[in-house]
Every structure is written in structure tokens, then in C-alpha cells.
Protein chains: 2
Amino acid sequence: MKQQPLVDEKIKAFENLCRERGLALTIQRRIILENLSSRYDHPTADQIYEAVKDQIRGVSRTTVYRVLETFVRLGVVAKVSNPHAKARFEADTVRHHHLICLDCNSVADCHDGRLDGIEVPTENCDGFEVRDFSIAITGLCSSCRREKTL
Amino acid sequence: MKQQPLVDEKIKAFENLCRERGLALTIQRRIILENLSSRYDHPTADQIYEAVKDQIRGVSRTTVYRVLETFVRLGVVAKVSNPHAKARFEADTVRHHHLICLDCNSVADCHDGRLDGIEVPTENCDGFEVRDFSIAITGLCSSCRREKTL
DNA sequence: CTCCGTGCAAAAGGTTTGCACTGGT
DNA sequence: ACCAGTGCAAACCTTTTGCACGGAG
């Protein structure tokens with residue numbers, strides 16, 4: 001689990017954002033953000049639903065989808081690109097990259113300073129205005145690698 | 001449109017692959033590959049279906065999905081990661097990167113030599129075995145940018 | 001001639017939408 | 001008290017699957 005302080009910060013920042021914009025700080029939003037902030041994996045909407053349904057009496061899958069969509073729109077969480085159908089989410093908004101396993105489809109984070117300095121062509125590509133970038137590294141995660149050699 | 005020679009090469013390579021592996025070179029496979037190889041965008045399975053259904057009498061959506069899956073398995077085309085639900089495909093197998101528009105969700109290619117030299121940490125990340133990588137650059141494409149300033 | 005590949009229809013997810021109610025501000 | 005946010009159910013859309021037929025090797 002991530003350090004509690006990080007989760008608290010995230011929640012606090014979101015509380016402020018809600019106040020600023022007059023958004024309702026509902027139990028659903030709070031617990032979903034709390035859950036997503038405290039995990040390392042990149043859960044799908046459904047996995048988040050499974051995780052929070054015991055904490056929020058009678059929460060619906062629909063709400064999870066809507067809350068996540070709101071978070072994405074606010075820039076509080078990110079939708080992770082991956083080559084599979086399901087959308088995956090993460091609360092880490094610091095620039096980092098993703099290790100995507102070709103075998104088990106898991107998505108792991110990779111914070112590596114060496115990759116931060118990469119210069120993305122800002123002007124060259126047909127007038128495209130660069131906002132951010134992320135590297136998707138595909139390969140085999142350690143556990144799938146282990147299985148292969150067995 | 002891409003230069004015709006590129007399409008021809010792609011088809012020829014696929015013909016050889018079929019011969020080698022004893023795969024059937026059906027009209028469906030040929031026309032779908034021809035279509036995907038000749039376009040610059042990153043069409044969804046459905047967009048390809050729309051494009052080829054007039055050329056292949058009575059083709060079914062199912063076939064398009066299955067043919068694309070076959071191509072991906074053979075490494076002839078790639079499934080592009082993007083932060084939206086639908087899978088997108090491309091026939092360009094040379095390493096390159098993607099410009100993803102936050103506004104219109106379009107995916108454009110970016111071949112930039114400066115990005116080819118990037119050293120991805122091969123050993124650091126928890127025993128992950130790196131196979132390949134691709135950079136997803138998010139921002140605004142030129143036409144969406146133009147609209148915004150209007 | 002033999003199967004692989006296809007078409008059809010139906011199922012299986014994942015995600016979105018309309019509407020009425022409820023809880024946060 | 002007002003209205004954004006939620007729950008429910010149903011719709012929607014993409015993708016997958018089972019089965020029988022037909023065409024490529």
C-alpha cells in the first residue's frame with residue numbers, strides 16, 4: 001500500500017477542488033478516490049466497484065463509472081492507455097511510465113529519472129501541441145518471466 | 001494515401017508468410033490488409049469493416065475482428081494503445097510514436113529520429129523483461145488547436 | 001478432399017443513458 | 001429547499017463464441 005500521507009494529500013486536494021468548484025463531496029467520491037489512491041495496481045472500473053461496494057452501502061456500478069469519469073475530467077486521476085478493451089485508472093499524476101506485461105496484461109508503474117529528461121519534439125509534428133507524454137514499455141513482468149522458464 | 005509500393009510490399013510479405021505457415025490467403029485477409037496498409041489513420045475494427053464491406057461481398061464484422069486478431073498474432077499489424085474503449089489498428093510495424101489528441105481522440109503517427117535513441121531501463125524495473133516501447137504523446141492536434149483559437 | 005476460414009446469430013462483457021429519488025450544500 | 005449526484009434498469013456498443021457451410025490448399 002502507498003504511504004497513508006499520500007492518500008490524505010490526494011483527498012485533501014480533492015476537498016479543496018470541490019470547494020472551489022462547488023462540487024459535492026459525496027461519500028462515494030471520497031471512498032472511490034481513497035481506494036484508487038491507496039493501490040499500486042491499475043484497476044478497472046469494475047475492480048474498484050468490487051473494492052468499494054462493502055464500504056458504501058448500496059453503491060452502484062454506474063456511480064463508479066460516473067465518479068471516475070468526473071475524476072478524469074478534473075485531472076485528479078488518469079485513464080491509462082493499454083492495448084486491451086477495459087479502461088484502467090490510476091491516481092498517480094506525477095509523470096511516470098508503464099510496464100505492460102504481454103502475458104498477464106498487468107500494468108506496473110516505472111518511475112525512472114532517466115526517462116524524464118526525454119525531449120519530445122514540440123514543434124515538428126504537424127502543429128501538434130504537446131501537453132504530456134508517457135512511455136508504454138511492453139514485455140514480460142517478472143512473475144510471467146519466471147513461469148516461462150519453469 | 002501511403003505510397004502504393006508500401007502496400008504491395010506488405011501484401012507480398014503476407015503472401016510469403018501464408019505460404020510458409022500454410023495459412024489460407026483469402027480475399028478477406030488480402031483486402032483487409034490492403035485497406036489497413038493504405039491508410040494513415042488508426043481505424044477501429046468497425047471502421048475497417050465499413051471500408052471493406054463494399055469490396056467483399058457479404059463480409060461479416062466477425063470476420064474483420066478475426067482477421068485483425070490473426071494479423072496481430074502474426075505481428076503483421078499492431079493494436080494501438082489508446083485511452084479509449086475501442087481498439088485501433090495500424091499496419092506500420094517500424095518503431096514510431098503516437099500523437100493522441102485530447103479533443104478529437106485521433107491518433108497520428110510520429111516518426112522522429114530523436115526519439116529512437118531513447119534508452120529504456122532494461123534491468124531496473126523489478127525484473128521486467130523489455131521487448132519494445134512506444135511513446136504516447138498527448139495534446140491537441142492541429143485542427144483541434146485551430147478550432148480553439150477561432 | 002480436407003480443413004481452415006467464414007457468415008450468421010446470439011451471447012458476453014464493458015460502458016452509457018433516462019428517469020426518479022436522495023443527500024450535500 | 002435546490003439541484004447535483006446517485007441508484008436502478010435498460011439500452012448501447014464492441015468484441016467473442018458456437019455451429020454449419022464453403023472455398024483455399
Side-chain angles (χ1 to χ4, degrees), chain A residues 11 14-33 35 42-74 76-77 79-89 105 107, chain B residues 11 14-33 35 42-74 76-77 79-89 105 107:
Chain A
I11 299 284
F14 182 61
E15 283 174 0
N16 291 333
L17 198 63
C18 285
R19 228 165 284 138
E20 270 176 41
R21 310 229 194 161
L23 297 170
L25 185 64
T26 61
I27 307 101
Q28 289 87 340
R29 287 181 175 166
R30 173 195 270 279
I31 296 198
I32 290 171
L33 183 56
N35 180 269
H42 297 68
T44 62
D46 206 67
Q47 289 173 315
I48 295 171
Y49 169 74
E50 284 301 322
V52 301
K53 74 175 177 193
D54 292 330
Q55 295 172 68
I56 313 170
R57 196 184 65 89
V59 71
S60 77
R61 220 175 296 265
T62 310
T63 297
V64 175
Y65 277 99
R66 276 194 284 225
V67 168
L68 287 171
E69 189 200 318
T70 304
F71 287 167
V72 171
R73 190 158 25 80
L74 294 172
V76 175
V77 318
K79 216 168 180 172
V80 179
S81 295
N82 78 313
H84 307 94
K86 304 176 203 168
R88 289 174 175 274
F89 300 86
N105 300 339
V107 180
Chain B
I11 299 283
F14 182 62
E15 282 174 0
N16 292 332
L17 198 63
C18 285
R19 227 166 282 139
E20 271 177 41
R21 310 230 193 160
L23 297 170
L25 185 64
T26 60
I27 308 101
Q28 290 86 340
R29 286 181 175 165
R30 172 195 270 280
I31 297 200
I32 290 171
L33 183 56
N35 180 268
H42 297 68
T44 62
D46 205 67
Q47 288 174 316
I48 294 171
Y49 168 72
E50 284 301 323
V52 300
K53 73 175 178 193
D54 292 329
Q55 293 172 70
I56 314 168
R57 196 186 65 91
V59 71
S60 77
R61 221 174 296 264
T62 310
T63 297
V64 175
Y65 277 100
R66 277 194 284 227
V67 167
L68 287 171
E69 190 200 318
T70 304
F71 287 167
V72 171
R73 189 159 25 80
L74 294 173
V76 175
V77 318
K79 215 169 181 173
V80 180
S81 296
N82 79 313
H84 306 94
K86 304 177 202 167
R88 289 173 176 275
F89 300 87
N105 301 337
V107 180

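What's counted below: heavy atoms across the whole structure, side chains too, no hydrogens, waters or symmetry copies. Lettering of chains follows the sequences in order, A, B, ..., and the numbering in each one begins at 1.
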With a 3.5 Å distance limit and no angle check, can you tell me whether [X] reaches the backbone of [Y] through a side-chain donor-acceptor pair?
{"X": "A:Arg61", "Y": "A:Tyr49", "result": "no"}
{"X": "B:Gln47", "Y": "B:Thr44", "result": "yes"}
{"X": "B:Arg88", "Y": "B:His42", "result": "yes"}

Pair B:Lys79, B:Phe89 - check side chain to side chain contact (heavy atoms under 4.5 Å, CB included), show working. CA-CA 5 Å; B:Lys79 215 169 181 173; B:Phe89 300 87; 3.7 Å; yes
Examine the base of D:dA4 for any acceptor or donor lying under 3.5 Å from a partner atom in the side chain of A:Thr26, and report the outcome as yes or no. no
In whole angstrom, give the distance that lies between atom [atom1] of [X] and atom [atom2] of [N].
{"X": "B:Ile31", "N": "C:dT6", "atom1": "CD1", "atom2": "C1'", "result": "14 Å"}
{"X": "A:Glu69", "N": "C:dG14", "atom1": "CD", "atom2": "C1'", "result": "14 Å"}
{"X": "B:Leu33", "N": "C:dG5", "atom1": "CG", "atom2": "C1'", "result": "16 Å"}
{"X": "B:Arg19", "N": "C:dC4", "atom1": "CZ", "atom2": "P", "result": "20 Å"}
{"X": "A:Phe89", "N": "C:dT15", "atom1": "CZ", "atom2": "P", "result": "7 Å"}
{"X": "A:Leu23", "N": "C:dT25", "atom1": "CG", "atom2": "P", "result": "10 Å"}
{"X": "B:Arg61", "N": "C:dG5", "atom1": "CZ", "atom2": "C1'", "result": "19 Å"}
{"X": "B:Ile56", "N": "D:dG23", "atom1": "CD1", "atom2": "P", "result": "15 Å"}

Would one find a side-chain N or O of [X] under 4.0 angstrom from OP1 or OP2 of [N]?
{"X": "A:Gln28", "N": "D:dG7", "answer": "yes"}
{"X": "B:Ser60", "N": "C:dG7", "answer": "yes"}
{"X": "A:Thr62", "N": "D:dC8", "answer": "no"}
{"X": "B:Arg66", "N": "C:dG5", "answer": "no"}
{"X": "A:Tyr65", "N": "C:dT16", "answer": "no"}

With a 4.0 Å cut-off on heavy atoms, is B:Gly58 in touch with a base, just the backbone sugar-phosphate, or nothing at all? sugar-phosphate
Checking all strands, does A:Leu68 fall into the base, sugar-phosphate, or nothing category for heavy-atom contacts under 4.0 angstrom? nothing
Could you work out which one of D:dT15, C:dG5, D:dG5 sits closest to the side chain of B:Ala45? D:dT15
B:Val59 has a side chain; which of D:dG7, C:dG14, C:dG7 sits nearest to it? C:dG7
So which one's nearest nucleotide on DNA chain D is more toward 5', B:Asp46 or B:Ile27? B:Asp46
Does B:Cys18 or B:Ala87 map to a spot on DNA chain D nearer the 5' end, using the closest nucleotide for each? B:Ala87
Verify side chain to side chain contact (heavy atoms under 4.5 Å, CB included) between A:Leu23 and A:Leu17, making sure each step is shown before the conclusion. CA-CA 8 Å; A:Leu23 297 170; A:Leu17 198 63; 5.5 Å; no
